[in-house]
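Here the structure comes first, spelled out in structure tokens, and everything after it is commentary.
No experiment lies behind these values; they were computed from the predicted model shown. Values below: every heavy atom of this structure, side chains too, minus hydrogens, waters and symmetry copies.
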Amino acid sequence: MSDVVGLTCVICHTTYPADFAGYVCPDHGSEGILDVGYDYERIAAHTSPDTLAANRDRTMWRYRFAMPIDDATPVPPLTVGGTPMYDVPQMARTLGIGRLWVKDEGRQPTASLKDRASAMGVVKAIETGADTITTASTGNAAAALAGISASVGMPNVIFVPASAPQAKIAQLLAFGSTVALVEGSYGDAFELCMEAAAVFGWYNRNTGYNPYMTEGKKTVGLEILEDLDWSPPDAIFVSVGDGSIIGGVHKAMKDASALGWIDRIPRIFGIQSAGSDYLVQAFEAGEDVVIKPPIVADTIADSISADLPRDRVKAMAAVVETDGAYLRVSDDAILASIPTLARGSGVFAEPAGAAAHTGLVEAISRGLLEPTDEVVIIATGSGLKDVASAMTAVAAIGTEPMRIAPDLAALQSALEARKDHRP
Ligand SMILES: *Cc1c(COP(=O)(O)O)cnc(C)c1O
Ligand SMILES: [Zn+2]
């Protein structure tokens with residue numbers, strides 16, 4: 001048995017038993033997202049930073065002591081989690097902060113952080129005896145669910161906007177999912193998937209609906225803390241669409257704090273594109289996200305394009321309770337961060353991944369950080385997910401390859417010409 005004690009509605013705070021069969025609070029429908037509660041004393045009695053350090057499993061499942069899954073349940077074979085976090089002193093100096101790390105989630109099996117949630121979704125689907133699992137997604141959650149499902153042979157049905165980047169659609173098709181390209185927004189795909197799941201009885205992995213997705217995503221936060229020997233950074237920057245990742249990062253900090261493994265909680269900064277800034281608007285105006293209506297989202301950072309962030313209650317709490325902030329950045333600035341991050345750290349991120357760096361630059365320019373602050377940015381997805389945006393980004397800063405005849409003289413004159421034009 002897991003150490004889950006119950007599932008608590010984020011709106012009315014009613015707690016349902018650990019074996020509650022629904023996804024959301026019956027009184028609050030799809031707004032009544034549940035938060036998984038644990039018996040931290042019981043966990044601390046059998047697990048400590050030392051027992052963890054002795055565990056040779058480097059995947060996300062090393063944290064299964066703080067997960068809502070039974071000890072006997074098998075986990076998918078793909079290596080999810082254990083991604084590298086790079087110390088980038090030169091970038092920290094350039095930015096004028098104490099220290100900077102880049103957590104590279106592009107190194108996941110399907111190349112985004114979403115593998116952590118989809119792996120949890122597949123495990124829960126297996127536990128409930130479901131024969132099919134489904135999700136809507138801007139692309140990465142879908143690719144993750146498709147890949148993890150393929151690894152255990154679970155049929156899956158995927159709903160993505162028809163405008164999703166080619167690489168993500170290619171992943172879905174290669175993994176053998178039943179793919180619905182929905183002619184509409186992510187919001188439209190979400191509503192259709194929700195309806196279909198209810199009618200056909202498929203296991204519903206949807207973000208900001210299924211309570212267990214946060215419990216998968218939080219493992220990125222636990223890894224960050226463990227990598228730093230449970231000495232937390234001052235701030236963590238994460239890009240935000242539905243708000244599930246940021247809620248997961250916050251949950252990790254709360255778990256570690258409740259276990260007595262960290263003595264303070266880092267400030268959490270949520271970064272949104274100016275074209276998809278629902279939570280920034282709500283943060284600035286002090287609006288109640290339970291009743292704030294959807295916006296119309298439009299951004300090149302497709303993974304953080306959300307008309308109505310589904311996990312907005314947890315997402316707002318992550319920032320407000322940690323004295324962080326929601327920050328708005330332009331698409332142009334996000335694109336500029338792709339080569340800056342790549343050149344400064346060697347990590348190639350898709351627009352939504354690079355946006356964490358853009359947000360850090362914004363926070364520094366607004367005086368929100370101290371010069372001694374130690375900061376982690378989460379690069380949530382690989383640059384290979386969206387090559388078209390990367391090409392736009394490098395063209396915008398005047399980076400061009402040399403186009404030459406295959407001989408040395410041509411190379412020499414091209415190199416000479418380049419010297420004069422180097423930006
Ligand atoms: C999904 C995603 C995000 C945003 O996560 P939310 O939980 O929707 O806020 C950011 N970056 C990438 C690469 C993603 O795939
Ligand atoms: Zn409720």
Enclosure of [X] [atom1] (heavy-atom neighbours >12, cutoff 6.0 Å):
X    : atom1 : result
D87  : CG    : yes
M391 : CE    : no
E284 : CD    : yes

Looking only at the side chains, is there a donor atom on one of [X] and [Y] sitting less than 3.5 Å from an acceptor on the other?
X    : Y    : value
D242 : Y186 : yes
E127 : Y203 : no
S345 : R343 : no
D302 : T138 : no
E105 : T83  : yes
K251 : T214 : no

Query - Validation row, ring centre F65 to ring centre W261 under 6.0 Å - result: yes
Report task. Check the pair L7 / Y212 against side chain to side chain contact (heavy atoms under 4.5 Å, CB included), numbers first and verdict last. Result -> CA-CA 10 Å; L7 303 166; Y212 302 114; 3.8 Å; yes
Query raised in the report: Got a donor-acceptor contact below 3.5 angstrom from the D229 side chain to the S231 backbone?
Result: no
Report task. Would you please test E400 and V394 for side chain to side chain contact (heavy atoms under 4.5 Å, CB included) and show each step? Result -> CA-CA 8 Å; E400 278 176 25; V394 291; over 6 Å; no
Electrostatic pair [X]:[Y] at N-O distance under 4.0 angstrom:
X    : Y    : value
K168 : E350 : yes
R64  : D57  : no
R264 : D234 : yes
R310 : E191 : yes

Query raised in the report: What residue among V10, N210, T8 forms side chain to side chain contact (heavy atoms under 4.5 Å, CB included) with I33?
Result: V10
Query raised in the report: Could you walk me through whether L100 and V375 pass the side chain to side chain contact (heavy atoms under 4.5 Å, CB included) check?
Result: CA-CA 5 Å; L100 179 63; V375 175; 4.0 Å; yes
Query raised in the report: How far apart are the C-alpha atoms of I158 and F175, what are their side-chain angles, what is the distance that settles it, and do they pass the side chain to side chain contact (heavy atoms under 4.5 Å, CB included) test?
Result: CA-CA 11 Å; I158 302 291; F175 287 130; over 6 Å; no
Is the shortest heavy-atom distance from the side chain of [X] to the side chain of [Y] under 4.5 Å?
X    : Y    : value
S305 : D298 : no
V249 : I378 : yes
D307 : F190 : no

Requested in this report: Begin with the C-alpha distance, continue with both residues' side-chain angles, and end with the deciding distance and a verdict on side chain to side chain donor-acceptor pair (under 3.5 Å) for K114 and Q108.
Outcome: CA-CA 9 Å; K114 297 297 196 301; Q108 297 283 6; over 6 Å; no
Query raised in the report: Only one of R62, K103, R58 clears salt bridge (charged side-chain N to carboxylate O under 4.0 Å, His left out) with E226; which?
Result: R62
Query raised in the report: How far does CG of D35 sit from NE2 of H13, to the nearest 0.5 angstrom?
Result: 10.5 Å
Requested in this report: Working to the nearest 0.5 Å, report the span between CG of L181 and CG of L173.
Outcome: 7.5 Å
Query raised in the report: Run the side chain to side chain donor-acceptor pair (under 3.5 Å) check on D3 and Y40 step by step: do they pass?
Result: CA-CA 8 Å; D3 287 322; Y40 292 104; over 6 Å; no
Query raised in the report: E223 and R116: salt bridge (charged side-chain N to carboxylate O under 4.0 Å, His left out), yes or no, with the steps?
Result: CA-CA 12 Å; E223 278 178 20; R116 297 180 187 272; 2.9 Å; yes
**Report entry** Which residues share a side chain to side chain contact (heavy atoms under 4.5 Å, CB included) with A317, sequence neighbours left out
**Finding:** E321
